[in-house]
Amino acid sequence: MGQAKDTDFSEYFEARVQQFRRLAFGMCGDWHGAEDLVQATFVQLYRRWRRVRPDTVDAYARRILLNTFLTGRRKRGKELVTSYPPERAAPPDHDSHERIDLERVLSGLTPRQRAMVVLRFLEDLSVAEVASLLGVAEGTVKSQTARGVEALRAVLPSPTSKE
């Protein structure tokens, strides 16, 4: 049974690790922090692997990731650790003035708003799924997401049509 548990978990890890890295990056805006979140998530998931129902494993893993992110934000307080990568030249066909710094824009949101916006629009979860995941009412998800989107619109450049 132990070997089957390890095999099942390894298969799940291989199939989902990239998805959880993207989700974690959307939440924390830092690839190193995202790696830490994903590692903590899968360690905690492995400990409970035998008790997790196969039909709910994705939702359970998302919940672990979200709780780890929100708990870590509370513990760190307002401290923001960043590493600035060296400047890289943009490809010749890419207008770097139009590029959006997603991490900078999302960092202006509260951790809970950021999580809701990421879950709703990057993970494409429904309002009901986000509400269930966060343990809040659907109305809270709608209002906090709307406030988050409103805050993003205030700092994002207005879309322009290219013709």
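None of these values were measured; they are calculated from a predicted model.
At least one side-chain heavy atom of Met27 sits under 4.5 Å from a side-chain heavy atom of Leu119. Counting heavy atoms from C-beta outward, Val136 and Arg112 have side chains that approach closer than 4.5 Å. The shortest distance between side-chain heavy atoms of Gln19 and Arg62 falls below 4.5 Å. In this structure the side chain of Arg22 never reaches within 4.5 angstrom of the side chain of Leu122, judged on heavy atoms.
Take Arg21 and apply the salt bridge (Lys or Arg N to Asp or Glu O under 4.0 Å) test, not counting sequence neighbours, and it matches Glu35. Shown here are the ring pair (Phe, Tyr, Trp, His ring centres under 6.0 Å) partners of Phe121, two or more places apart in sequence or in another chain: there are none. Residues meeting the side-chain contact (heavy atoms from CB on, under 4.5 Å) test with Arg53, sequence neighbours left out: Asp55, Thr56. With sequence neighbours excluded, the residues forming a side-chain hydrogen bond (donor to acceptor under 3.5 Å, both in side chains) with Asp58 are Tyr12, Arg16, listed by chain and number. Annotation: side-chain contact (heavy atoms from CB on, under 4.5 Å) contacts of Glu129 (sequence neighbours excluded): Leu125, Ser126. Applying the side-chain hydrogen bond (donor to acceptor under 3.5 Å, both in side chains) rule to Glu138 yields no partners; only residues at least two apart in sequence or on another chain are considered. Not counting sequence neighbours, the partners of Val43 by the side-chain contact (heavy atoms from CB on, under 4.5 Å) test are Gln39, Arg47.
Contact detail for Ala61 and Phe20: the closest heavy-atom pair is CB-CZ, 3.5 Å. Closest approach of Ile64 and Thr41 over heavy atoms only: CG2-CA, 3.7 Å. Closest heavy-atom contact between Val38 and Ala24: CG2-CB, 3.9 Å. Here the shortest heavy-atom pairing between Leu106 and Gly26 reads CD1-O, 3.6 Å.
Residue Phe25 shares its hydrophobic cluster (ILVMFWY side chains chained together at separations under 4.5 Å) with Trp31.
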Full working for side-chain contact (heavy atoms from CB on, under 4.5 Å) between Phe9 and Leu45: CA-CA 9 Å; Phe9 184 81; Leu45 181 62; 4.0 Å; yes
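For residues 145-154, no residue pair satisfies the side chain to side chain donor-acceptor pair (under 3.5 Å) rule, not counting sequence neighbours.
Arg114 contributes no side-chain N or O that, together with a main-chain N or O of Gly148, makes up a donor-acceptor pair within less than 3.5 Å. With Ser132 contributing its side chain and Ala128 its backbone, the two residues share no donor-acceptor pair below 3.5 Å.
Expressed to the nearest 0.5 Å, how far CG of Leu37 lies from CG of Leu66 amounts to 10.0 Å. Here Trp49 contributes atom CH2 and Tyr60 contributes atom OH; the two are 11.0 Å apart, rounded to the nearest 0.5 Å. Taken from CG in Leu70 to CG in Leu134, the straight-line distance is 7.0 Å, to the nearest 0.5 Å.
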